[in-house]
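In what follows, residues are counted from 1 in the order of the sequence shown. Values reported hereafter were calculated over all heavy atoms of this structure, with side chains retained and with hydrogens, waters and symmetry mates removed.
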Amino acid sequence: MLSDYLGVFFLLGVSLSVVQGQAELRNFTQPLDHFDPNNTATWEQRYWIDESFYVPGGPIFLLVGDMLPFMTEFRVNFSHFRDLAEENNAIFVATEHRFYGESRPTPDASLESLQFLRTDQSLEDLVNIIEFLRNSTEDLANAKVIAAGSGQGAGQAVWLRQARPDLVDGVWASSGWLLAAPDFYQFGTNVAASVRIYGGLICYDNMAAAFEEMENLFVNGEYETLRDGLMLCDTELGIESEYAGNLLFGQMATAIGSTIQVLHSGALVNLCNDLANATTPFEGLSNWVQFRVYPELGCMMIDYRQFLEFLSADQWDDPAVEFGTRQQMYQSCTTYGGYRTSSGPDHPFGDRFPIDFFFTLCQDLLNGTMTQEEIVNAIESTNEIYGGLTPNVTNVYFTNGNLDPERTINVQEDLNESAVADSISYFGFAADWFPMNVTVYEGLRSVQNRVRTLITEWIITFGGVCGEFEVRNFTQWLDHFDANNTATWEQRYWIDDSHYVPGSPIFLLVGDMTFFFTEFRLNESFFLELAQEFNGLMVATEHRFYGESRPTPDVSLESLQFLRTDLALADYVEIIKEIRESREDLREAKVIAAGSGHGAALAIWLRQSYPEVVDGVWSSSARMYTMADFDAFGTNTAISIRIYGGMTCYYNLAAAFSEMENLFANGEYEVLRDGLQLCDTERGIEGDYAGNLLFAQVAAAVGTSIQAFHSVAFTNLCGDLANGTTYFQGLADWVTNRVFPEMGCIMIDYEQFLEFLRVDDWEADSVVWGTRQMMYQACTEFGWYRTSSGPDHPFGDRFPIDFFFTQCNDLLNATMTPEEITQNIARTNDIYGGLRPNVTNVYFTNGNLDPERTLSVQEDLNESAVADNVSYFGFAADWIPSEFVGYDGLANVQERLKHLVAQWINDNDGEVPTTTESPETLY
């Protein structure tokens, strides 16, 4: 009874407040039979329509209803598709499928009535509604139609596009049911694969042991034990009744698969924990059933006569009809199949529910009106009519969760250039339908953004939020502090005055080493939101020597002497002065500065050095404290993994690095090269410093992934470590599939590495990306070398501080000793105050997953220089636009920032607002 599981688990899995839209519920008169002109019977189909954001000329967004009417009604007010409709100024329509919900074409759901429950009939229902809408007003006559659905609804949307491309212009098919299969034996195999990969082999073995115990109890007639443990419905015949084993094992396997399907990877945590924490695996399975499944579903029916009686009731208020179970079973027998049998390989569910049991069920339900052969032919004809996994379509986006046991009945690979497919790791059924303001996983959001992009292409109405920035250049002194040096250069900056109201402040985004972040945040960031909300003039700067801001003909060491913090701060001061003097209404404008990482530190130091220029600062994940040996990076990374990834993940990572050490020590270059995507080198791992480079870069990849991808990184890393044939293989899979596909190869030849860094032409790769400049500043001002010197981490000891001093010495042509490097780095703290800057009106924010959080202020310095930490996040997550923030802790930080900015602008010396929850600091 799939609808039972999906209905309850869907609702259980959504603990979200639903914002009521303005959808109006209406009825539309449909023919009972679209293909028989002699049948004049009609019925009223329910549909919802929301015109509140429609603008004439906008498209029609059609949510195709299916077997799960409760899901359709939920998504009318709360879904990514609904949000996309609003973004595109569309008229939003959602239909209810004939014979489900309140759309009741006949007096009952008898077999005589259910003959009108056919796919071709429901597709014609959709055609009629679209044509009615297009004919209802002149401005909808040529409106583009974008259809979408999930499961059976996704299949219907695809088939509608295939049958009527003149009516439907594009389709989003999420977790679609396209392939009709009588014996869907892959369900058990797919569930088992998901448990092994994402729950781990121990969890899988426990589940197999639980089913084995269940089999033994069944064979030995232990009805009471099974009844009490698995919440079986009472029956006089107990497990002696005919087909009791088929029903028991089939429903238990379905319960596990459907839970994973709907609650995604979180379901595996519950199941695996319950299995592991009981005295026996069967008791663990019983606990899972009692506390997580059947409290909502009631009891499990194993008496076949009761079950058949339940399904045979044909009145609209009978439970099996009201929830659609009878109708689904009818369509399974006559159209779709999809029987979740025990016939497949590699699963732990036993062999008690083969295809023959489902054929018997169909024949009994249909009163013997169809033979087994006729059932198979009817199901296979669906594929012949609609194309199975190769429908003849364009403008379709197929999306699947790779935890969904039914993913193999949807298209998983591109069919052509405009019928494309993507899979989402760690998720099951239709997770991409959730609004983006509650999704945080990058893979899921990437698919949701691709939906948005493709729909825009199908509509051919380009829109969305874009900044109105103008790129300008400002003439700066090469050296602000040497009056004899009259050289100048052009600094790039961006300015947007489209929201500016005279008398409002200047919002300054402080550019830094990661210049690409600056340009990205011009169009999408919470700081941009703040500038618009306060009617501010938005300005973003590029840091000297990064991006297109090139003060000298090259980046030789002679040129890089002008890459200093004091000169960069003076650049920002000059730009602010220029902007203030450009208009009379900006002369006294307040300035709110912000940045992240290095840029956040620059903003703080700008406020400290020039308080008359900057009135308030938001410092997100700042790198303020300079040190040569930043040994805490490895330690902090390890702490985050132990707390958020778990001790098993940590031990697996340690084992992977231990295996890596053994491979290195034994000269296994080819294994390391192929596994970790090392760049080719004749010297292999025999070259000087090869071990330093290899271990340092892989450790940095682990820490930086957590830093950038937040808690999602643990799911990727820990899952890959657990599922490799060895721990090193798991690490290698992670590096190969998630890190270096985008970054190329890992360079371990020190001579190649130095050659890469020493090129001083602006077009060299190391200069374009700022690597040479960053290394220079690390040697002369900041340090931040991520060494292996710290305690309690799994990364080995092959990259101590001396290795980084050697790099600096070679990069700087031996012009500085380690002592001089250390002194220069310490001098930065002396000048700017380290973790105790002398500032007011500053908000320090940090993610407590960020391995570099200890370089920033994490506690209040005074009443107006305050700090908060955000759990479960790494670097600068609070820069994400608020519409995409679903976590309360992150939303609270953004709300507090808004209050503080208002206070700084208004010179309010009142009480500093606090977050609604106490700041969380784990370290």
Side-chain angles (χ1 to χ4, degrees), residues 21-35 37 42-66 72 75-77 79-98 103 119-149 153-154 156-173 391-397 418-419 451-464:
Q22 299 181 39
E24 180 184 344
L25 185 59
R26 297 180 186 175
N27 289 322
F28 180 75
T29 303
Q30 293 278 14
L32 178 62
D33 190 333
H34 293 277
F35 307 103
T42 61
W43 62 284
E44 297 301 308
Q45 180 176 19
R46 272 210 314 180
Y47 72 101
W48 292 263
I49 186 165
D50 188 346
E51 303 170 281
S52 61
F53 34 79
Y54 174 66
V55 174
I60 298 168
F61 273 49
L62 177 67
L63 195 171
V64 178
D66 56 16
T72 304
R75 288 170 172 169
V76 166
N77 294 310
S79 67
H80 185 46
F81 192 57
R82 185 255 178 220
D83 292 346
L84 291 176
E86 183 171 4
E87 285 180 23
N88 287 280
N89 301 316
I91 188 166
F92 182 56
V93 179
T95 61
E96 193 168 61
H97 193 293
R98 56 167 55 202
S103 293
T119 297
D120 57 349
Q121 300 280 10
S122 61
L123 293 180
E124 285 301 310
D125 293 340
L126 296 170
V127 168
N128 277 3
I129 283 186
I130 294 171
E131 290 180 340
F132 165 74
L133 290 169
R134 279 184 161 171
N135 293 328
S136 62
T137 64
E138 187 175 341
D139 54 85
L140 283 171
N142 296 306
K144 294 295 179 71
V145 175
I146 306 300
Q156 296 248 323
V158 173
W159 298 338
L160 182 62
R161 166 73 179 155
Q162 179 175 246
R164 295 297 304 270
D166 58 313
L167 281 184
V168 176
D169 299 276
V171 166
W172 170 28
N392 183 22
V393 289
T394 56
N395 287 9
V396 176
Y397 186 30
S418 66
V451 173
R452 172 185 282 125
T453 301
L454 288 170
I455 286 176
T456 299
E457 292 175 6
W458 299 333
I459 298 170
I460 321 178
T461 302
F462 298 95

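For the pair P37 and F35, the tightest heavy-atom approach, listed with the atom from each and the gap, is CD-O, 3.6 Å. The nearest pair of heavy atoms linking A143 to P59 is CB-CA, 4.4 Å. Across all non-hydrogen atoms, the minimal contact from P31 to N128 is CD-ND2, 3.7 Å. The two residues V396 and A173 make their nearest non-hydrogen contact at CG1-CB, 4.5 Å.
Evaluated for a side-chain contact (heavy atoms from CB on, under 4.5 Å) with N88, the options D83, I459, I146 yield exactly one hit, I459. Among F81, W458, W48, W172, the one residue that satisfies the ring-ring contact (aromatic ring centres under 6.0 Å, His included) test with F61 is F81.
Using a 4.5 Å heavy-atom threshold, the side chains of V76 and D50 count as separate. Residues L133 and I49 are in side-chain contact: their nearest non-hydrogen atoms beyond the backbone lie under 4.5 Å apart. Here the side chains of S103 and Y47 are not in contact, with every heavy-atom distance at 4.5 Å or above. Inter-residue side-chain proximity for N27 and Q45 is flagged as unmet; no heavy-atom pair is nearer than 4.5 Å. At least one side-chain heavy atom of R161 sits less than 4.5 Å from a side-chain heavy atom of T394. Between R134 and V145 there is a side-chain heavy-atom pair separated by less than 4.5 Å. In this structure, the side chains of H80 and L84 come closer than 4.5 Å at one or more pairs of heavy atoms. Between I91 and L140, the closest side-chain pair of non-hydrogen atoms falls below 4.5 Å.
Put simply, the side chain of R75 never gets that close to the backbone of G149: no donor and acceptor are under 3.5 Å apart. The closest donor-acceptor contact from the side chain of Q162 to the backbone of N392 lies under 3.5 Å. In this structure a side-chain-to-backbone donor-acceptor pair under 3.5 Å is missing from Q121 to D33.
The distance from the CG atom of D166 to the CD1 atom of I130 is 9.5 Å, given to the nearest 0.5 Å. Within the model, atoms NZ of K144 and CG of L167 stand 13.0 Å from one another, a figure rounded to the nearest 0.5 Å. With rounding to the nearest 0.5 angstrom, the CZ atom of R98 is 10.0 Å from the CG atom of L126. The distance from the CG atom of L32 to the OG1 atom of T42 is 8.5 Å, given to the nearest 0.5 Å. The distance from the CD atom of E24 to the OG atom of S52 is 11.5 Å, given to the nearest 0.5 Å. Atoms CZ and CD, from R452 and E457 in turn, are 13.5 Å apart once rounded to the nearest 0.5 Å.
Heavy atoms of other residues, nucleotides or ligands lying less than 6.0 angstrom from CG of N142 number 12 at most.
Using modelled atom types, one finds a donor on one side chain and an acceptor on the other under 3.5 Å when comparing D125 with H34. Counted by atom type alone, Q156 and D66 present zero donor-acceptor pairs between their side chains at under 3.5 Å. Looking only at atom types and distance, the side chain of T29 has a donor-acceptor partner in the side chain of E44 under 3.5 Å away.
Ring geometry, F28 versus F132: the interplanar angle falls from 30° to 60°, so the pair is classed tilted. F53 and F92 have tilted rings, their planes meeting at an angle from 30° to 60° on a 0 to 90° scale.
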